[in-house]
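Data first, discussion second: the structure below is written as structure tokens.
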Amino acid sequence: MSRKTKTNGSSTSLATISDAPPAAQQITRAQANELLKARALELYHVARTERDEHIRAFEAEYGRADRIDHTVLADLQRIQARLAAIAARQQRASTTGGEPKVAKFVDHIGTMIGSISAHLATERALELFAPVQQADYVGWNGGAIGPKGHDDSVLAGYEIVDDPLGAENATPTIDEDGEVCLHTEIEPYEDEPSRGACADCGEEFGVRVASSVDGESGEAVAEEERLADEFARDNAVAVG
């Protein structure tokens, strides 16, 4: 916080200028999870669009790649014919001027392409035409996000708070396969309702229950409704 001196006649007053950044908007963990899932779905569609664009660019340069057709055979035959013509000229000439002999390639062009060029082309094609799996982005169910769909940058500028009647500190976690569990469903233990486990991954959390403090449940519901209204209003303004 900085202080600025302001002089007015013989008296001196101090004006206070706040350097504190504006407070971040509060949203619940459930609302944050909805933003994460929407971003994952967006990334999935972007990946599919990019794949289609790459295929179109490839086929514009090299021809169709969805099947082996006569154009592929024609390309190979033209290469073979050119090499055969060069080999015939070399055979008639008394000297090749240091030019490499190509006769052997006429007979073995198929082997050459199969052992080298086809291998490289296949690797490229496998990567180029690999299907975009929706589960890699949006997960297998509504409680998780795939490893390619997790982008928590959409939460920048928000302050995430616990759901008023839900799990405590249920921050998404990443498993060994890269899948992100959002812990959307926490099942309380029958013998200890204040504790529970995620129905998807089994991780344990504290649970805030309605009967924990008299009157707290009504305040919690009111707070949840207030945050939901603010969240919906801000999203409506952003879309407009």
Side-chain angles (χ1 to χ4, degrees), residues 24-69 119-187 196-205 224 227-240:
Q25 178 187 351
Q26 285 190 346
I27 59 175
T28 65
R29 175 54 60 187
Q31 292 166 338
N33 289 342
E34 290 303 315
L35 290 176
L36 290 173
K37 289 191 286 186
R39 177 57 176 164
L41 185 60
E42 179 184 359
L43 290 175
Y44 164 67
H45 288 301
V46 168
R48 291 194 60 183
T49 300
E50 289 179 348
R51 173 182 180 270
D52 292 341
E53 291 175 351
H54 293 162
I55 291 176
R56 285 194 294 269
F58 179 90
E59 294 183 341
E61 181 177 357
Y62 298 105
R64 295 182 62 172
D66 58 343
R67 65 173 181 267
I68 298 176
D69 54 19
H119 172 71
L120 298 176
T122 299
E123 283 192 337
R124 180 181 179 187
L126 287 175
E127 180 180 355
L128 182 68
F129 294 96
V132 177
Q133 301 291 346
Q134 184 173 359
D136 289 339
Y137 292 85
V138 298
W140 294 101
N141 54 55
I145 291 176
K148 295 182 179 179
H150 186 220
D151 181 12
D152 58 4
S153 66
V154 297
L155 303 180
Y158 292 105
E159 178 187 356
I160 312 301
V161 298
D162 289 337
D163 297 305
L165 296 177
E168 299 176 353
N169 302 319
T171 304
T173 55
I174 304 176
D175 65 15
E176 59 184 10
D177 296 324
E179 190 169 15
V180 181
C181 185
L182 301 177
H183 312 304
T184 56
E185 184 179 354
I186 307 299
E187 298 179 346
C198 175
D200 294 313
C201 70
E203 185 168 348
E204 292 188 347
F205 298 95
E224 184 175 12
L227 292 175
D229 290 341
E230 290 183 0
F231 184 71
R233 183 170 58 255
D234 291 340
N235 283 343
V237 172
V239 172

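Residue numbers run from 1 in the order of the sequence given.
- Between Leu36 and His150, some side-chain heavy-atom pair lies under the 4.5 Å cut-off.
- Here the CZ-CD1 distance, from Arg51 to Ile55, works out to 4.0 Å after rounding to the nearest 0.5 Å.
- A donor-acceptor pair under 3.5 Å is absent between the side-chain atoms of Arg39 and the main chain of Asp152, judged by distance alone.
- Nearest approach of Glu187 to Ala199, heavy atoms of both residues: OE2-CB, 3.7 Å.
- Legend: residues meeting side-chain contact (heavy atoms from CB on, under 4.5 Å) with Glu53, ordered by chain and number and at least two apart, are Thr49, Arg56.
- Across Val138 and Ala40, no two heavy atoms sit closer than the pair CG1-C, 4.1 Å.
- A donor-acceptor pair under 3.5 Å links the side-chain atoms of Asp175 to the main chain of Asp177, judged by distance alone.
- Considering only heavy atoms from C-beta on, Phe205 stays 4.5 Å or farther from Glu168 through its side chain.
- One distance of note links CG of Asp151 with CD1 of Ile145; it measures 9.5 Å at 0.5 Å rounding.
- The CG atom of Leu155 sits 6.0 Å away from atom CD1 of Ile27, with the distance rounded to the nearest 0.5 Å.
- Here the shortest heavy-atom pairing between Ala167 and Ile186 reads CB-CG1, 3.6 Å.
- Between the CD atom of Glu34 and the CG atom of Leu182 there is a distance of 9.0 Å, given to the nearest 0.5 Å.
- Atom-to-atom distance recorded for Arg29:CZ and Thr171:OG1 is 4.5 Å, nearest 0.5 angstrom.
- In this structure, Leu43 CG and Asp136 CG are separated by 12.0 Å, a value rounded to the nearest 0.5 Å.
- Between Val132 and Tyr44, some side-chain heavy-atom pair lies under the 4.5 Å cut-off.
- Contacts of Thr173 classified as side-chain contact (heavy atoms from CB on, under 4.5 Å), with partners at least two apart in sequence or in another chain: Cys181, His183, Glu203.
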